[in-house]
**Q** 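Input: one structure, supplied below.
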Amino acid sequence: MCGIVAYIGPKDATPFLLEGLARLEYRGYDSAGVAVTGRTGGLKVRKVKGRVADLAAVVPARFKGTTGIGHTRWATHGVPSDANAHPHLDDAERIAVVHNGIIENADELRARLTEEGAVFRSETDTEVLAHLISAHATEGVELEEAVRAALGKVVGTYGIAVLDAEQPDRIVVARNGSPIVLGIGEKEMFAASDVSALVRYTRQVVHLEDGELATVRADGFRTFTEDARTTHRQPSTVDWDIDSYDTGGYEHFLLKEIHEQPGSVERTLSGRLDERFATAHLGGLNLDARELREIRRVKILGCGSAYYAGEMGAQLIEELSRIPAHSEPASEFRYRNPVIEADTLYVAVSQSGETYDTLAAVQEIKRKGGRVLGVVNTVGSAIARECDGGIYLHAGPEVSVASTKAFTSTVVAFALLALHFGRIHDLSPADGRRIVAGLRALPDQIREILAQSDGIAELAAEYAESEGMMFIGRVRGYPVAREGAQKLKEISYVHAEAYPASELKHGPLALISPELPTVALVPDDELLDKNLTTLGEIKARSGRVVAVAHRRPEAKLADHCILVPKSEPELDPLLLNIPLQLLAYHAAVALKRDVDRPRNLAKSVTVE
Ligand code: F6R
């Protein structure tokens, strides 16, 4: 959600800023802007409604400076427009600010600043920060002091970078609820809201904590708290590969990330399967077997696809360990004054580790004394740091807005957790071995499904113009249907609804017609006959059916069939989901959608 970049050093900042913004564009892309300054003083600013490419087109060759900040925006306060694009400036055009997050008391501050003579040029909450910092940046006051004083008056969440034309030897950044990472170079320094903007330039990074600020100069940085206490932060090394941030010959990041799944699943499993005891090793849980035995319930929290992955996780935990488990949207949980129980294990799921609703749910649980594990992809992210322990996915960076490989790895991580729980409880060694072997086989089975991409593309082209699509599945298949519908609507904008197959006759059957095709999950399991009956009911109402199945249903029950290899019944949902990713992708391509940057969305929603 919005991207920030900053540079200070001997070189011209502009190329880095534009390149960094292009890499962050997946976080927000309705407007973009840059500001630079240098020894000659004065601010140069360009900002436009549109993409980073639109910004680059209006940045002239003479737009140079050795200190600069940039922003790509996903609108929250005020429509996407040139005026609302960041950076925002004070009246004297001396201070420039880029900001991710929300200033909750912006109206009150704006009224006060207007009374004092400030003239506002945008509808954003961010502009308040520029005027407020400026009001504190009086003669002889260091920029960091002005920023600290201004933030003392602000209620809300922020990641900010601030430039002062009169102090061009520094940039001041601050974090409270929205990430800021410093990048350490050779006699140059970088900052960004996300490491993906930095990895081309440096692997040495420092993640700021909430409530922390930093003064960044070309030769180093100093971190400190909001009450001016110096903090001592050791840099860490980013191990993500620069190649992850290129499409690597694929047409889109999404397709690349779908195809990366055999490797990302292998990484999630790596070193965690124990053949001898037919269980999983999860070193990061920070809970021993005795503590785990005392857990009576598991509550999983996440948003969007992370929540659906949690539903698959809950199913796995209940089946393999017989511990009651349930998944709930973190965005709802945090607002309903949840009852926190000592014998419940809470699990927060997040690819980015920065989703604000999920973070707020974790904080609420911890405040009430609950125990939370994280299932997170991004190492060192806010949610990972807030949790008592957890499982890192090691899926690698996910750039496309729609989640695919992180989704799959999340479900694999839950399978490991469920196996571990199960073997501490009553899952037999034989069943444990069955699951271990099933997990080991997944990467090759995913490869088999990916090889069908062209056939699925033909199918997608045939169905893409439908007025909508129904996705149905029973029990294990229902979360798969929900994720399939989510993926399709997210990137193709085709309306899609997911229903438990068992519920069809209780209402939605009324919708079935040739214009509303159904994608049906039909695994070869104990519910096969029930699912086939449902297909018959749809066909009897002239509905068209695409079955995703282990065995081809009779021709009179399905118009098309995508065959997937059979795993263990508990793991089947993982494989049934892969063709749905390809279906959504190819439908979006057929409809000429902006696959990696779907309208109105952004990767990692770091605001409420
Ligand atoms: C769906 C999608 C979103 C995210 C959700 C949570 O494809 O990408 O629904 O899953 O916003 O994001 P994370 O996992 O980063 O917390």
Side-chain angles (χ1 to χ4, degrees), residues 265-302 306 309-328 339-350 362 365-366 369-376 383-384 386-394 408-442 475-476 479 525 567-574:
V265 165
E266 252 158 34
R267 285 197 301 277
T268 308
L269 293 173
S270 176
R272 287 169 166 168
L273 288 175
D274 176 345
E275 255 85 12
R276 182 162 168 240
F277 289 106
T279 187
H281 283 305
L282 295 165
L285 297 187
N286 299 332
L287 285 169
D288 63 25
R290 198 169 302 224
E291 289 169 302
L292 283 173
R293 285 194 70 87
E294 280 160 16
I295 286 162
R296 294 283 161 266
R297 260 172 302 281
V298 178
K299 174 71 142 186
I300 302 169
L301 299 158
E311 287 198 310
M312 291 194 198
Q315 179 74 29
L316 277 157
I317 290 169
E318 279 205 3
E319 283 200 70
L320 296 182
S321 73
R322 306 307 294 154
I323 298 171
H326 182 245
S327 177
E328 182 179 341
V339 176
I340 302 301
E341 297 166 303
D343 56 3
T344 296
L345 178 66
Y346 296 87
V347 183
V349 182
S350 179
V362 173
I365 297 163
K366 292 201 68 185
R371 185 165 16 203
V372 199
L373 296 183
V375 174
V376 172
I383 294 170
E386 194 80 33
C387 287
D388 300 301
I391 309 174
Y392 276 125
L393 302 179
H394 303 304
T408 301
S409 280
T410 302
V411 183
V412 170
F414 273 117
L416 291 168
L417 187 64
L419 175 63
H420 183 64
F421 269 154
R423 292 288 295 122
I424 285 170
H425 287 84
D426 297 328
L427 191 74
S428 69
D431 274 330
R433 275 194 291 277
R434 187 172 62 74
I435 298 299
V436 169
L439 287 168
R440 285 230 187 273
L442 285 175
V475 188
R476 296 184 196 110
D525 62 8
S567 177
E568 295 304 324
E570 299 89 337
L571 303 176
D572 278 334
L574 271 160

**Q** Who passes side-chain contact (heavy atoms from CB on, under 4.5 Å) against Arg297, sequence neighbours left out?
**A** Pro324, Glu341, Asp343, Thr344
**Q** Mind checking whether Val412 and Leu571 have side chains closer than 4.5 Å, heavy atoms only?
**A** no
**Q** Hey, is the main chain of Gln315 close enough, under 3.5 Å, to the side chain of Arg476 for a donor-acceptor pair?
**A**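 Looks like no, no N/O pair under 3.5 Å.
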**Q** Return yes if some donor-acceptor pair links the side-chain N/O of Glu318 with the main-chain N/O of Ala325 below 3.5 Å, else return no.
**A** yes
**Q** Quick one: are Val411 and Leu574 in side-chain contact, heavy atoms under 4.5 Å?
**A**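 Of all side-chain heavy-atom pairs linking Leu574 with Val411, at least one is under 4.5 Å.
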**Q** Which pair of non-hydrogen atoms, one from Phe414 and one from Val375, has the smallest distance, and what is that distance?
**A**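 That closest heavy-atom pairing would be CZ-CG2, 4.2 Å.
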**Q** Considering non-hydrogen atoms only, spot the tightest contact between Ser567 and Leu442 and give its length.
**A** OG-CD2, 4.4 Å
**Q** Are side-chain heavy atoms of Val436 and Thr279 found at a separation under 4.5 Å?
**A** no
**Q** Just by distance, do the side chain of Arg423 and the backbone of Phe277 share a donor-acceptor pair under 3.5 Å?
**A** yes
**Q** Could you grab the distance from atom CD of Glu311 to atom CD of Glu328, nearest 0.5 Å is fine?
**A** 10.5 Å
**Q** Please report the interatomic distance CD1(Ile391) to CG(Leu282), rounded to the nearest 0.5 Å.
**A** 4.5 Å
**Q** Answer yes or no: is there a donor N or O on one side and an acceptor on the other, between the side chain of Arg296 and the main chain of Arg293, under 3.5 Å?
**A**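 Present.
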**Q** Using a 4.5 Å cut-off on heavy atoms from C-beta on, say whether the side chain of His420 contacts that of Leu285.
**A** yes
**Q** Any chance you could measure Leu320, atom CG, to Leu416, atom CG, to the nearest 0.5 Å?
**A** 10.5 Å
**Q** For residues Ser327 and Ala314, report the shortest heavy-atom separation together with the two atoms involved.
**A** N-CB, 4.1 Å
**Q** Enter the distance from Leu316:CG to Leu417:CG here, rounded to the nearest 0.5 Å.
**A**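 Between atom CG of Leu316 and atom CG of Leu417 there are 9.5 Å.
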**Q** Would you say the side chain of Ser428 lies within less than 4.5 Å of the side chain of Arg434, judging by non-hydrogen atoms?
**A**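 They are not in contact (no side-chain heavy atoms under 4.5 Å apart), so the answer is no.
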**Q** Under 4.0 Å between a side-chain nitrogen and a carboxylate oxygen: does that hold for Arg371 and Glu294?
**A**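 No, this pair does not count.
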**Q** Passes side chain to side chain contact (heavy atoms under 4.5 Å, CB included), Val362 versus Val372? Steps please.
**A** CA-CA 7 Å; Val362 173; Val372 199; 4.2 Å; yes
**Q** Is the shortest side-chain heavy-atom distance between Leu269 and Arg440 below 4.5 Å?
**A**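 With C-beta onward as the side chain, the pair stays apart.
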**Q** Quick check: closest heavy atoms across Leu439 and Ala415, and the distance to 0.1 Å?
**A**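 So the minimum-distance heavy-atom pair works out to CD2-CB, 3.8 Å.
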**Q** Between atom CG of Leu273 and atom CG of Leu419, what is the distance when rounded to the nearest 0.5 Å?
**A** 7.5 Å
**Q** Would you indicate whether the side-chain heavy atoms of His425 and Ile323 approach each other to under 4.5 Å?
**A** yes
**Q** Taking all heavy atoms of Gly370 and all of Ile340, pick out the closest pair and write down the distance.
**A** CA-CG2, 3.7 Å
**Q** Taking all atoms of both residues into account, what is the closest heavy-atom pair of Cys387 and Leu373, and its distance?
**A**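 Scanning both residues completely, I find the closest heavy atoms to be SG-C, 3.8 Å.
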**Q** Considering residues at least two apart in sequence or located in another chain, which fulfil the side-chain hydrogen bond (donor to acceptor under 3.5 Å, both in side chains) criterion with Arg267?
**A**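 Arg267: no side-chain hydrogen bond (donor to acceptor under 3.5 Å, both in side chains) contacts found.
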**Q** Do Leu345 and Phe421 have side chains that get closer than 4.5 Å, going by heavy atoms?
**A**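 In short, these two side chains touch, coming nearer than 4.5 Å.
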**Q** Might you work through the side chain to side chain contact (heavy atoms under 4.5 Å, CB included) test for Ile317 and Ile300, ending with a clear yes or no?
**A** CA-CA 11 Å; Ile317 290 169; Ile300 302 169; 4.3 Å; yes
**Q** Check whether any side-chain N or O of Ser350 sits under 3.5 Å from a backbone N or O of Val376 as a donor-acceptor pair, and report yes or no.
**A** no
